[in-house]
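Throughout, residue positions are numbered sequentially from 1 according to the sequence presented. Since the structure is predicted, the reported quantities are computational estimates derived from the model, not experimental observations.
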Amino acid sequence: MSVNRPAAVVVLAAGEGTRMKSATPKVLHAICGRSLVGHVVAASRELSPEHLVVVVGHAREQVTAHLAEIDAEVRTAVQHEQNGTGHAVRMGLEELSDSGVALDGTVVVVCGDTPLLTGETLGRLAGTHAAEGNAVTVLTAEVPDATGYGRIVREGASGAVTAIVEHKDATDAQREIREINSGVFAFDARLLTDALGKVRTDNSQGEEYLTDVLGILREAGHRVGACVAGDHREIVGINNRVQLAEARRLLNDRLLTRAMLSGVTVVDPATTWVDATVTFEPDALIQPGTQLLGATHVAANAEVGPNSRLTDTTVGEGAKASFTVAEGAEIGAGASVGPYAYLRPGTRLGAKAKAGTYVEMKNARIGEGTKVPHLSYVGDATIGEYTNIGAASVFVNYDGVNKHHTTIGSHCRTGADNMLVAPVTIGDGAYTAAGSVITKDVPPGSLAVARGQQRNIEGWVARKRPGSAAARAAESARQEDAGEG
């Protein structure tokens, strides 16, 4: 167990976020595969806190349900009225105490709308707090433009924080300070609990401000310290859609940089988007215009893109997927997908298999080396090894009420323009003729022919389409044939 392991992390996520202008609670807006609060919870979990509490308020049922989905161990505390950050933290601590938890150690307080905050930075904050023996440690950042932010005023010799001065209250000299308050803190649990009981509401908003705790503790003779974030962009909070897009870009760049430094080639990071939950192996190659979402994994020497979107999809070693949309699929080692292919949930392509141009698959298991080269739909099917499915084939799986399964064996050859009407089974080594509608099982090694006999009606065009271009062409051809005769 880490010596800096917090007793608790309290995440403040009760606000409405009216500037988002959305029916969705602000903290549930998503970037890079996680909600804003989801990113904060994930970063907080990296500290391995004894307790993790999220304070909810606006749309609390919706937020609580989301938290239960992403982290079943998260506790929630309700702030029924948004009476300030100090009040929110107090609600979080009361939730723990009401459950019989006696906090002893460090309490880290973070904001639920800071998705760029990393576990590494929170770890540095907790480490600084413990090393300096502070009553409270403020996470700060040095920014190019501090306009509008609370300034950190330090004591010259010790570096201790003497005040956090809001921009509107700052002197000209204080406004020159570029170190700002992030709203993220590490507290001594017992001192925090005591100080929250002393926070007053005699301010313009009539709220309990968490920052007042710093003054209370300092006046009581305790040290207030600071830990500077390595990247000021980590502390950015999201208040509107513009900031949401900016954060998405920053986080995406961070994720791609991490992938490239681990051995992944990303040809054009500006047009490549990945979720935080995507994983890679070294020597994967990502072409321009590609989105990798959810629990997607790209193995070594695999190539994805250009212009592909893969969600919850595994791409095996050496496989290729170009101009492809895939959801909940598995692409085997050395397999080939696309261009212009759609793999729907439940698709499992075996090693060296192929889903080619304008091929759609759903709930289909495709054996090793089997090819579905072009213009086909394969739904609810199992196909063995080294079988070839002819162009323009349709697995007719739906009777209007129920879905039915088609089974095709290994080393089969189905003809072009086949309709395979499920449920039906084609045995190993069997063939089907082009243009067939297969409604009955085909024994192994057989040839199935299921089409009407061709009948030519001579002179039909001249009689039914007289004077047409087709009629003139046919007459010219007839005369040429007569002349040659």
Side-chain angles (χ1 to χ4, degrees), residues 2 4-17 20 24-79 85 88-89 91-93 95-96 99 101 103 105-126 139 182-187 210 229 233-239 243-244 247-248 250-252 254-255 258 274-279 293-295:
S2 171
N4 298 323
R5 180 186 184 189
V9 174
V10 179
V11 181
L12 307 184
E16 182 176 355
M20 296 297 287
T24 301
K26 178 175 75 169
V27 296
L28 296 190
H29 281 263
I31 60 172
C32 298
R34 288 183 179 139
S35 64
L36 300 184
V37 72
H39 283 289
V40 176
V41 166
S44 300
R45 278 296 182 206
E46 293 185 36
L47 300 181
S48 299
E50 296 176 32
H51 304 283
L52 178 53
V53 183
V54 179
V55 181
V56 298
H58 174 71
R60 58 183 177 272
E61 294 87 359
Q62 194 174 348
V63 177
T64 299
H66 171 72
L67 291 167
E69 289 179 3
I70 65 172
D71 189 330
E73 301 301 316
V74 166
R75 293 173 177 260
T76 55
V78 179
Q79 186 185 26
T85 51
V89 173
M91 295 300 98
L93 298 185
E95 164 65 26
L96 292 174
S99 302
V101 175
L103 290 177
T106 300
V107 173
V108 176
V109 177
V110 297
C111 303
D113 63 351
T114 53
L116 299 177
L117 191 61
T118 64
E120 179 182 1
T121 294
L122 290 177
R124 286 183 53 243
L125 172 66
L139 180 65
S182 70
V184 177
F185 305 91
F187 293 95
L210 184 60
R233 296 173 297 183
E234 277 195 42
I235 70 168
V236 171
I238 307 302
N239 293 302
Q243 294 172 341
L244 188 72
R248 181 182 291 110
L250 289 169
L251 183 53
N252 191 72
R254 180 195 295 173
L255 295 169
R258 182 186 304 163
V274 297
D275 280 353
T277 45
V278 171
T279 55
L293 311 174

For a 4.5 angstrom cut-off between non-hydrogen side-chain atoms, does [X] reach [Y]?
X: Leu244; Y: Leu36; answer: yes
X: Leu117; Y: Val40; answer: no
X: Phe187; Y: Leu93; answer: no
X: Ile238; Y: Pro115; answer: yes
X: Thr121; Y: Val184; answer: no
X: Leu103; Y: His51; answer: yes

Item to check | Pairs meeting criterion salt bridge (Lys or Arg N to Asp or Glu O under 4.0 Å) with involvement of residues 108-118, two or more places apart | outcome: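 Output for this query lists Lys26-Asp113.
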Item to check | Pairs meeting criterion salt bridge (Lys or Arg N to Asp or Glu O under 4.0 Å) with involvement of residues 31-43, two or more places apart | outcome: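 Listed by first then second residue: nothing to list.
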Item to check | Whether Glu234 side chain and Thr118 backbone form a donor-acceptor pair below 3.5 Å | outcome: yes
Checklist entry - So, does Thr114 use its side chain to make a donor-acceptor pair with the main chain of Gly237 at under 3.5 Å? => result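 Pair absent, no side-chain N/O of Thr114 close to backbone of Gly237.
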Side-chain atoms of residues 60-68: list all donor-acceptor pairs with protein atoms under 3.5 Å, sequence neighbours left out, distances to 0.1 Å.
from  : atom 1 : to    : atom 2 : distance (Å)
Thr64 : OG1    : Arg60 : O      : 2.7
His66 : NE2    : Ser35 : OG     : 2.7

Checklist entry - Side-chain donor-acceptor pair under 3.5 Å between Arg75 and Ser99, yes or no? => result yes
Next on the checklist: Arg124: which residues meet the side chain to side chain contact (heavy atoms under 4.5 Å, CB included) condition with it, sequence neighbours left out?
Outcome noted: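 Result, side chain to side chain contact (heavy atoms under 4.5 Å, CB included) vs Arg124: Cys227.
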Checklist entry - Who are the side chain to side chain contact (heavy atoms under 4.5 Å, CB included) partners of Thr24, not counting sequence neighbours? => result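 Partners of Thr24 by the side chain to side chain contact (heavy atoms under 4.5 Å, CB included) criterion, ordered by chain and then number, come out as Ser22, Leu28, His29.
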Next on the checklist: Taking side-chain hydrogen bond (donor to acceptor under 3.5 Å, both in side chains) as the definition, give me every residue that meets it alongside Thr76, ordered by chain and number, with sequence neighbours left out.
Outcome noted: none
